[in-house]
Amino acid sequence: MRLCFLVEEHYRHDGMPLDVARQLTAWGHHVDVLRPGDSLIAISEAVRAGSHDAWVLKTVSGGPGLTLLDAAAAVGLTTVNDVRSIRGVRDKALASVIARTRGLPVPVTYAAARWERLAEIPASEYPLVVKPADGSSGRAVRLVPSPDHLLDLGPELAGEGLLIAQPYVPNSGTDLKVYCVDGELFATERSSPLHPGQGVRERQVPLAGEVARIAAQVGEVFGLDLYGVDVLLGPDGPVVVDVNDFPSFRQVPDAVARVAQAVLRLARSGTAVSAPAPALVPAGGASYGQLDFSAAEFGGSGFGGAEFGGSDFGGAEFGGAEFDGAGLGGAEFGGAI
């Protein structure tokens with residue numbers, strides 16, 4: 001199969017998803033790796049129907065890769081995860097509305113474009129957890145014990161864009177992270193970033209039935225196939241506090257092989273299995289994510305016809321291939337990306 005991985009600069013040295021790309025290449029598949037944050041891309045030529053069986057994105061909120069993934073979907077290519085589903089969880093304010101409307105246990109969520117407006121939240125709601133609506137990797141997450149502390153933290157929150165605030169869920173200081181790999185669920189526990197002194201060693205733990213049910217429901221609600229769910233075990237039961245598309249899958253047994261197999265299955269199926277939205281129909285008439293790849297021609301990749309394993313792409317290497325035919329930049333795969 002022909003696959004294109006979009007890797008944002010934040011993840012340029014991460015094993016996930018680069019190890020997945022290596023695994024797929026070792027299995028004999030053609031994998032192109034693009035770094036949209038540090039490349040000149042002839043996007044009108046690179047993204048076209050028939051170029052790849054699927055496009056896979058490991059992104060940060062606001063990263064340029066999501067635009068490329070949108071473009072791939074617009075011309076009828078399969079995306080992993082479904083690009084609409086990624087947008088649904090990348091905006092944490094939007095995700096909270098979707099989750100609460102669909103019956104998922106999530107905290108009440110306040111949103112404000114200016115941190116000063118958070119001062120209008122009733123004192124009875126404190127302590128609060130405040131974070132950017134487009135945050136990722138724990139950026140600028142703050143525990144605010146009282147309204148007075150909000151005034152002290154305000155300058156740190158300025159410039160973060162839309163903010164969300166949620167009442168703090170009392171817990172043991174340990175976060176439960178549930179990973180889903182194409183329907184299989186795995187649970188790990190770790191110290192909460194809000195309670196770094198707990199010293200909990202990250203490890204795989206048994207998955208309780210109620211938490212498993214909620215984690216599976218998250219996939220159904222958002223239309224995700226590869227995702228992670230942050231769960232707190234509060235006094236009133238499990239509470240979902242974050243959802244991530246394409247997370248690290250740390251502590252998942254054989255994570256690289258499992259994720260690689262999931263990517264292949266999703267690419268072959270032509271769509272994410274749980275995508276909730278109706279298919280959109282572009283000008284050519286084929287539904288997004290429903291292209292018949294058995295009939296598609298893959299002789300030209302849209303990247304100068306190159307494939308991993310010996311063709312010329314120009315600046316970077318992955319198993320002997322070089323990249324640059326379509327102005328894709330000078331990243332290295334196998335060296336420094």
Side-chain angles (χ1 to χ4, degrees), residues 7-8 10-11 14-20 56-61 63 65-66 79-83 85-92 94-96 98-99 102 104-107 129 131 133-139 141 166 169 171 174-194 200 202-208 210-233 238-263 266 272-275:
V7 180
E8 302 283 14
H10 184 78
Y11 300 110
D14 280 18
M16 189 65 66
L18 298 182
D19 287 344
V20 175
V56 184
L57 174 64
K58 174 74 170 178
T59 188
V60 292
S61 294
L66 199 49
T79 64
V80 180
N81 287 285
D82 184 282
V83 68
S85 301
I86 294 174
R87 289 199 177 276
V89 297
R90 279 289 151 183
D91 183 335
K92 298 182 188 301
L94 172 60
S96 70
I98 295 171
R102 296 291 297 276
L104 288 168
V106 296
V129 176
K131 52 190 173 183
D134 67 347
S136 58
S137 303
R139 188 190 91 238
V141 179
Q166 299 170 323
V169 178
N171 65 88
T174 301
D175 283 356
L176 188 64
K177 184 84 171 188
V178 183
Y179 296 109
C180 180
V181 185
D182 200 18
E184 289 189 279
L185 298 173
F186 305 87
T188 66
E189 68 174 10
R190 61 187 180 184
S191 295
S192 167
L194 298 178
V200 177
E202 187 172 11
R203 63 191 181 97
Q204 189 177 1
V205 296
L207 182 58
E210 184 179 10
V211 176
R213 178 187 60 78
I214 292 170
Q217 187 184 358
V218 166
E220 295 169 1
V221 166
F222 288 99
L224 295 166
D225 295 278
L226 298 171
Y227 63 95
V229 186
D230 290 351
V231 178
L232 296 177
L233 302 179
V239 180
V240 174
V241 292
D242 202 9
V243 180
N244 314 111
D245 62 282
F246 215 122
S248 67
F249 298 105
R250 288 197 299 267
Q251 304 298 323
V252 172
D254 301 316
V256 170
R258 288 180 186 274
V259 173
Q261 289 167 352
V263 168
L266 293 168
V273 294
S274 52

Self-check item: Side chains of P105 and V231 in contact at under 4.5 Å (non-hydrogen atoms)
Solution: no

Quiz item: Using 4.0 Å as the upper bound for N to carboxylate O, is an ion pair formed by D230 and R190?
Solution: yes

Exercise. Grab the two heavy atoms, one from L176 and one from V211, that are nearest each other, plus how far apart they are.
Key: CD2-CG1, 3.8 Å

Practice problem: State whether R90 and D245 are salt-bridged, where the test is any N-O pair (Lys NZ or Arg NE/NH1/NH2 against Asp/Glu carboxylate O) under 4.0 Å. | Solution: yes

Quiz item: With a cut-off of under 6.0 Å to the ring centre and 45° to the axis, is K58 in cation-pi contact with F246?
Solution: no

Quiz item: Does N81 use its side chain to pair, donor to acceptor, with the backbone of D225 at less than 3.5 Å?
Solution: yes

Quiz prompt | Main-chain N/O of D91 paired with D134 side-chain donor or acceptor, under 3.5 Å | solution = no

Quiz item: Taking the side chain from E8 and the backbone from G65, do they hold a donor-acceptor pair closer than 3.5 Å?
Solution: yes

Quiz item: Any sub-3.5 Å donor-acceptor pair from Y227's side-chain atoms to V243's backbone N or O?
Solution: no

Quiz item: Closest heavy-atom contact between F222 and S85?
Solution: O-OG, 2.7 Å

Quiz item: Are F186 and Q251 side-chain neighbours, meaning at least one heavy-atom pair lies under 4.5 Å?
Solution: no

Under 3.5 Å, side-chain donor or acceptor atoms of residues 254-263 against the rest of the protein: list the pairs with distances, not counting sequence neighbours.
| from | atom 1 | to | atom 2 | distance (Å) |
| --- | --- | --- | --- | --- |
| R258 | NE | P253 | O | 2.7 |
| R258 | NH1 | E184 | OE1 | 2.9 |
| R258 | NH1 | E184 | OE2 | 3.0 |

Quiz prompt | Considering all heavy atoms, the nearest P107-Q166 contact | solution = CB-CB, 3.9 Å

Quiz item: Checking N244 side chain against P247 main chain: does a donor-acceptor pair fall under 3.5 Å?
Solution: no

Quiz prompt | Distance-minimising heavy-atom pair for V106 and A99 | solution = CG1-CB, 3.7 Å

Quiz item: Is a side-chain donor or acceptor of S191 paired with a backbone partner of T174 at a separation under 3.5 angstrom?
Solution: no

